[in-house]
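Beneath this line is the structure, given in structure tokens, with notes to follow.
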Amino acid sequence: MLSKYNNKFIYGCKFLQTRLNLNPKTFSLCHEAQVGDQILGTISELSVKQYEKALSKLIEENFDKNSPCRRCDKCQKYLFEERQISYVTINTSNYCNSKCIYCQTHFGKKDEGYNPIPLLENFERYRKFFKNCWFDWGGGEPTLNPFFEDCVNWIEKQGYFQRINTNAIEYSKATEAALKEGNASLRVSIDAGTKECFHRMKGHEHYETVWDNIKQYRKVSDKIYIKYNICNYNSDRQEIDVFLDNCKKNNINNVLIDAEVSAYQPEKNAGPFYFTKKEFDAAHYMQIEAQKMGFFVEVSSYAYSVRGEYDKDGRLKLPPKYFDNIDRKIISNNIYAQTFPSIEYMADVIKRQEGEKIIVWGAGKVGKKVIQILRSHGMKIIEIIDSNSSLCGTLIEDIPIMSPDKVLAEKPKCIIILAGSKGKEMLRIINEINFSDATVYWMLHE
């Protein structure tokens with residue numbers, strides 16, 4: 001089907017033919033931020049025939065200069081030749097038993113996740129995988145897929161390399177076996193040094209379990225990469241020192257420095273994750289200290305390729321100059337919002353601030369969930385406000401919804417919880433009226 005393009009000029013990039021993403025419900029070509037995920041079809045219809053049909057359709061679309069791919073700076077005109085797939089991502093589910101503060105892929109249901117083996121067998125039968133094809137596990141937490149162990153073993157038997165991105169809460173015998181054979185690497189985002197910061201970042205208290213499992217994996221392989229996503233919640237130097245000490249104590253060789261991607265991006269950022277000068281300096285501090293301690297230090301391309309530089313060997317370096325991407329049209333008076341891994345975690349924090357007045361801004365799905373959980377923790381909601389004037393005067397659990405104008409004008413010392421996706425506009429208003437006596441929390445999801 002694709003042979004008709006041989007020796008013809010087409011428009012595309014290095015991902016065309018060489019990459020395949022197995023997503024929870026779709027299969028796609030790339031995850032480039034410039035154009036979004038290029039979905040080729042539903043996972044239920046994936047086969048070599050359907051894959052090539054979808055690719056052919058995409059190639060035809062790319063002859064139009066207004067196609068999504070043509071808007072990406074990686075797209076170029078080149079002479080087509082058929083190639084094998086060299087990189088496969090396997091993300092079968094959005095379910096995760098961790099609630100990492102920065103991650104949106106933990107909203108799936110337990111025991112979700114299809115069996116990838118029949119799909120991979122179909123491609124293997126037609127020799128569509130390059131001999132050095134790389135399989136990259138993610139999600140959601142991949143070890144919770146009921147087919148994970150069998151699939152890791154199948155890939156291992158074919159002789160392909162696989163990288164397993166896991167939170168390491170569950171121990172995987174198949175992963176251990178693949179690591180032992182030298183055909184796998186393991187990547188775990190720890191994002192903290194102390195147990196307290198770990199809980200703040202991950203939303204669970206399996207700190208010791210995770211490190212114990214990492215230690216077990218390390219016994220059979222040195223291809224263990226411990227990752228630190230830097231943001232405003234874990235950028236204290238003392239936290240980084242403890243993290244590096246933990247890596248050394250557990251005989252880890254490889255440290256991966258990353259940034260929380262929504263904080264460090266080309267577009268202006270209003271939070272609730274921030275990458276200020278402090279976070280920039282923290283990344284450089286971690287790199288310098290880790291190298292002093294003898295670690296192999298890698299800078300992640302996930303975030304830092306935006307403004308990073310490359311050394312003579314082609315390795316990504318941290319950006320040498322700080323770039324302020326805080327949206328000052330919203331954060332005009334330096335009033336920032338904090339967030340939490342879950343509403344339950346936030347409720348525990350608020351409960352310790354006994355006596356503080358609480359205002360919930362947002363009467364939608366998230367706001368109602370916030371109110372429900374705060375009340376279950378024995379806290380009274382003093383005020384509920386919503387920018388939708390038609391809701392004013394109606395009740396949520398016997399509490400009248402009020403207009404923000406009157407409530408905020410009084411500027412009481414309080415906690416304001418921004419509930420839902422419209423938090424940026426709410427934060428802009430709080431900054432404009434210089435509501436400096438408020439502690440602002442932002443919950444984007446239930």
Side-chain angles (χ1 to χ4, degrees), residues 94 96 99-109 200 203 231-233 260-263 265 267-274 326-327 329-333 335-351 353 356-377 379-409 412 414-433 435 438-446:
N94 284 332
C96 188
K99 292 187 176 180
C100 297
I101 193 169
Y102 49 77
C103 184
Q104 305 308 317
T105 58
H106 53 71
F107 299 104
K109 295 179 181 178
R200 179 81 168 87
C231 68
N232 46 307
Y233 301 109
E260 198 290 313
V261 72
S262 65
Q265 58 183 345
E267 295 81 16
K268 292 292 185 182
N269 170 43
F273 304 103
Y274 306 99
I326 305 298
D327 193 336
K329 290 182 179 177
I330 294 175
I331 318 287
S332 57
N333 273 301
I335 300 171
Y336 295 79
Q338 301 177 53
T339 195
F340 298 92
S342 65
I343 299 174
E344 289 85 357
Y345 192 117
M346 180 184 69
D348 287 337
V349 171
I350 293 174
K351 194 170 185 179
Q353 302 172 36
E356 287 284 322
K357 181 176 182 177
I358 303 171
I359 298 173
V360 177
W361 190 345
K365 190 176 180 182
V366 179
K368 289 174 181 174
K369 189 73 172 181
V370 167
I371 293 163
Q372 177 189 345
I373 291 176
L374 290 181
R375 281 203 153 184
S376 72
H377 281 66
M379 285 173 277
K380 295 180 180 179
I381 312 301
I382 306 299
E383 239 109 41
I384 303 172
I385 60 178
D386 197 282
S387 303
N388 184 349
S389 58
S390 66
L391 294 177
C392 294
T394 60
L395 302 176
I396 296 179
E397 297 196 17
D398 299 325
I399 306 169
I401 300 172
M402 302 176 67
S403 168
D405 298 339
K406 182 179 178 182
V407 174
L408 298 181
C414 65
I415 294 168
I416 301 177
I417 302 169
L418 314 179
S421 60
K422 296 180 180 177
K424 288 184 181 180
E425 178 60 21
M426 300 172 188
L427 190 58
R428 181 188 64 78
I429 293 170
I430 290 169
N431 269 271
E432 284 183 353
I433 63 176
F435 199 161
T439 302
V440 184
Y441 298 143
W442 184 1
M443 293 305 305
L444 288 82
H445 304 280
E446 321 179 38

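Of the possible donor and acceptor atoms, none in the side chain of Trp442 sits under 3.5 Å from a partner among the backbone N and O of Ser421. Between the side chain of Lys357 and the main chain of Pro412, no donor-acceptor pair closer than 3.5 Å is present.
The line from OG1 of Thr339 to NE2 of His445 is 8.5 Å long, rounded to the nearest 0.5 Å. A distance of 5.0 Å separates CD1 in Ile359 from CD1 in Ile416, rounded to the nearest 0.5 Å. Within the model, atoms NZ of Lys422 and CG of Asp386 stand 8.0 Å from one another, a figure rounded to the nearest 0.5 Å. To the nearest 0.5 angstrom, Met402 atom CE is 10.0 Å from Leu408 atom CG. Atom-to-atom distance recorded for Leu395:CG and Ile401:CD1 is 7.5 Å, nearest 0.5 angstrom. In this structure, CD1 in Ile429 is found 11.0 Å from OG in Ser332, a value given to the nearest 0.5 Å.
Nearest heavy atoms, Met379 versus Ala347: CE-O, 3.4 Å. A pairwise comparison of heavy atoms in Leu444 and Val366 identifies O-CG2, 3.8 Å as the closest pair. Taking each heavy atom of Val261 and Gln265 in turn, the nearest pair found is O-CB, 3.7 Å.
Within the 4.5 Å cutoff, no side-chain heavy atoms of Tyr336 are placed close to those of Asn232. The closest side-chain heavy-atom distance from Ile101 to Phe273 is below 4.5 Å. Proximity of Ile358 to Lys380: side-chain heavy atoms (C-beta onward) are nowhere separated by under 4.5 Å.
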Run the side-chain contact (heavy atoms from CB on, under 4.5 Å) test on Ile330 and Lys268 for me, step by step, so that the C-alpha distance in whole Å, both residues' side-chain angles and the decisive distance to 0.1 Å come before the verdict. CA-CA 10 Å; Ile330 294 175; Lys268 292 292 185 182; over 6 Å; no
Ile417 vs Ile350, test: side-chain contact (heavy atoms from CB on, under 4.5 Å). Steps then yes/no. CA-CA 10 Å; Ile417 302 169; Ile350 293 174; 3.7 Å; yes
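Every pair passing side chain to side chain donor-acceptor pair (under 3.5 Å) that includes a residue from residues 360-371 is listed here, sequence neighbours excluded: Trp361-Ser387, Lys365-Glu446. Each side chain to side chain donor-acceptor pair (under 3.5 Å) pair with one or both residues in residues 389-405, not counting sequence neighbours, appears once here: Arg375-Glu397, Asn388-Ser390.
The ring-ring contact (aromatic ring centres under 6.0 Å, His included) check on Tyr345 picks up His199, Phe340, with sequence neighbours excluded.
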